[in-house]
Amino acid sequence: MKILVIGSGGREHALVWKLKASPQSLRIYCAPGNGGIAQDAQLVDLKADDIKGLLDFSLKEKIDLTIVGPEAPLAGGIVNKFMQKGLNIFGPAKESALLEASKAYSKETMQRLNIPTAAFEIFDTPDKAIDFTNRVRLFAAHYPVVVKADGLAAGKGVIICRDRHQAQLAVEDMMVRKVFGKAGEKIVIEEHLEGEEASILVVSDGLNVIPLASSQDHKRVFDADKGPNTGGMGAYSPAPVVTEEMHKRIMDEIIYPLINGLAKENKFYKGILYAGIMITKEGPKVLEFNVRFGDPETQAILPRLKTDLLEVCFASIEDKVDQLKLEWMDMASVCVVLSSGGYPGEYKKGFEISGLEDALWAGSPDTHIFHAGTKIQNSELRIQNSEKKYLTDGGRVLNVVSLGDNIRQAIDKVYKAVSKIKFAGIHYRKDIGHRALERYLEDTYMGVQAD
Ligand code: AMP
Ligand code: GLY
């Protein structure tokens with residue numbers, strides 16, 4: 001069977017790695033992939049948003065299943081185009097992808113379906129938005145407020161504003177100076193929610209859903225959640241903030257109302273639905289919906305999944321999610337992202353990476369390295385020197401993931417592995433998993449069985 005994975009990050013390397021573990025015999029392609037994925041799949045020199053190129057390739061190669069990593073091709077309608085040609089593809093159609101591609105659409109959908117989320121207003125002219133920032137107290141809350149560009153802005157279009165001045169600056173940046181281009185033509189201003197975040201990913205076939213293991217991302221670049229937001233500096237799974245009771249509430253108050261509500265409107269949501277949740281004092285509220293696997297959540301979740309990923313994808317495509325059973329390792333996993341110095345701002349690329357083998361030894365067993373921004377040093381050099389050399393080639397460079405019997409073991413192990421990896425300017429957070437660890441230590445201290 002031929003499988004195509006679309007994307008080039010750590011998430012896609014984790015997907016490829018998981019596919020490789022399938023009991024079925026697979027030929028795996030990845031477009032465009034990265035240096036690490038090149039060891040596990042055949043790279044295809046097509047960009048993730050080159051829908052026409054990907055379609056032509058899939059028809060020519062008779063690809064049996066395509067798995068889409070990033071949001072851009074989903075928002076661009078890749079699923080619709082592949083399905084029109086009778087190709088199997090795992091993910092939502094363009095209309096459903098609006099849940100991520102338009103924050104205004106997403107908020108209106110939540111309002112219509114009574115799904116708990118931050119109070120909000122939508123604006124399509126700067127004057128009205130500025131006027132609103134002057135009378136925020138009339139709103140559900142007070143400052144801080146969150147100003148969000150409506151469209152896709154590579155995770156950068158969300159600005160938390162402490163006062164009117166910051167809010168007006170954010171509005172002007174988005175709507176007048178157009179720093180996010182078309183994405184900022186419309187904006188959402190919403191109430192700032194307080195609490196702990198969690199990511200709940202579910203698989204849906206449009207009518208039935210099954211949740212994947214819970215996880216928690218670490219979005220800020222520095223320890224203790226300081227510094228600007230990034231694509232994600234690390235994740236762990238499960239997330240103990242999502243207790244059994246909280247999980248039930250998230251499913252009953254958010255996931256089922258969304259999937260069932262959309263189905264009643266003849267909009268059948270297929271693929272992965274990712275709900276970014278804030279667990280507030282009043283209960284779970286949606287921060288955002290994404291229409292794909294999370295990055296880096298996927299790198300933490302998939303190593304715990306025992307079930308074949310192919311089964312998961314085909315259950316969604318063939319409307320059989322009600323028959324899908326997922327099996328999980330009863331272990332904690334922690335993913336630490338190693339990034340280039342300067343990320344998420346400017347950074348340099350092309351530095352040699354060392355210590356990958358040592359890291360796997362140090363974290364053995366159950367440590368994995370998923371590549372993100374890496375490439376293999378030019379092939380001529382490779383011929384002279386049979387050992388593969390990787391160079392940094394992006395902001396987020398590597399993901400190191402370790403499993404442990406509990407969160408403490410997983411954290412100890414992953415940082416032992418991480419300490420072996422070197423490249424110029426390397427940066428990583430030293431506190432990934434700290435919230436889960438605090439809970440674990442508290443439970444252990446209180447004499448509760450925490451494992
Ligand atoms: P989003 O892309 O909408 O998830 O926003 C990115 C990040 O900004 C979230 O993961 C939160 O950390 C933060 N954020 C977004 N909306 C809010 C909100 N209403 N209240 C507090 N934090 C938020
Ligand atoms: N972990 C955040 C995202 O995938 O959007």
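Not measured: the values here are computed from a predicted model. One-based numbering, in listed order, for ligands and for the atoms of each. In this chain, residues are counted from 1 in sequence order.
Residue-ligand proximity: Glu194 is placed with every non-hydrogen atom at 4.0 Å or more from ligand 1.
Side-chain atoms of Ile187 and Met175, non-hydrogen and from C-beta on, do get closer than 4.5 Å to each other.
Summary of contacts: the protein heavy atom closest to atom 12 (O) of ligand 1 is Glu197 OE2, 2.4 Å. Remark: minimum distance from atom 16 (N) of ligand 1 to any protein heavy atom is reached at Lys148 NZ, 3.0 Å. Protein heavy atom closest to atom 7 (C) of ligand 1, with residue, atom name and distance, is Asn229 ND2, 3.8 Å. Glu288 CD, 2.7 Å is the protein heavy atom nearest to atom 4 (O) of ligand 1. Nearest protein heavy-atom contact of atom 17 (C) of ligand 1 is Leu287 CD2, 3.4 Å. The shortest contact between atom 20 (N) of ligand 1 and any protein heavy atom is with Leu193 N, 2.8 Å. Atom 8 (O) of ligand 1 has as its closest protein heavy atom Val158 CG1, 3.6 Å. Scanning the protein for heavy atoms near atom 19 (N) of ligand 1, the closest one is Glu190 OE2, 2.7 Å.
Ring-plane geometry between Phe57 and Tyr29 is classed as perpendicular, the angle between the planes exceeding 60 degrees on a 0 to 90 degree scale with a lower cut at 30.
Looking at Val146 against ligand 1, only its side chain comes within 4.0 Å, counting heavy atoms. Of the heavy atoms in Glu191, only backbone atoms (N, CA, C, O) come closer than 4.0 Å to ligand 1.
Asp205 and Ser316 form no side-chain donor-acceptor contact under 3.5 Å, judged by distance and modelled atom types alone. One side chain, Tyr236 or Gln216, offers a donor N or O that lies under 3.5 Å from an acceptor on the other.
A salt bridge between Asp40 and Lys20 is present, with a side-chain N of the basic residue lying under 4.0 Å from a carboxylate O of the acidic one. The residues Asp225 and Arg429 are annotated as salt-bridged, a charged nitrogen and a carboxylate oxygen being separated by less than 4.0 angstrom. Residues Glu265 and Arg112 are paired through a salt bridge, judged by an N-O separation under 4.0 Å between the basic side chain and the carboxylate. The pair Glu196-Arg439 meets the salt-bridge criterion, since a charged nitrogen lies less than 4.0 angstrom from a carboxylate oxygen. Residues Asp131 and Arg135 are paired through a salt bridge, judged by an N-O separation under 4.0 Å between the basic side chain and the carboxylate. Taking 4.0 Å as the cut-off between side-chain N and carboxylate O, Asp330 and Arg304 do not count as a salt-bridged pair.
Below 3.5 Å of separation, one finds no N or O of Ala118 facing any N or O of ligand 1.
Under a cut-off of 6.0 angstrom, the local environment of NZ in Lys81 is sparse, with at most 12 non-hydrogen atoms contributed by other residues, nucleotides or ligands. For NZ of Lys281, the number of neighbouring non-hydrogen atoms (other residues, nucleotides, ligands) closer than 6.0 Å is 12 at most.
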Quick check on ligand 2: any N or O pairs to the protein under 3.5 Å? One line per pair.
| residue | atom | partner | partner atom | Å |
| --- | --- | --- | --- | --- |
| ligand 2 | 1 (N) | Asp217 | OD2 | 2.7 |
| ligand 2 | 1 (N) | Tyr274 | OH | 3.4 |
| ligand 2 | 1 (N) | Asp295 | O | 2.9 |
| ligand 2 | 1 (N) | Glu297 | OE1 | 2.7 |
| ligand 2 | 1 (N) | Glu297 | OE2 | 3.2 |
| ligand 2 | 4 (O) | Arg292 | NH1 | 3.0 |
| ligand 2 | 4 (O) | Asp295 | N | 3.0 |
| ligand 2 | 4 (O) | Asp295 | O | 3.4 |
| ligand 2 | 5 (O) | Asn290 | ND2 | 3.4 |
| ligand 2 | 5 (O) | Arg292 | NH2 | 2.7 |

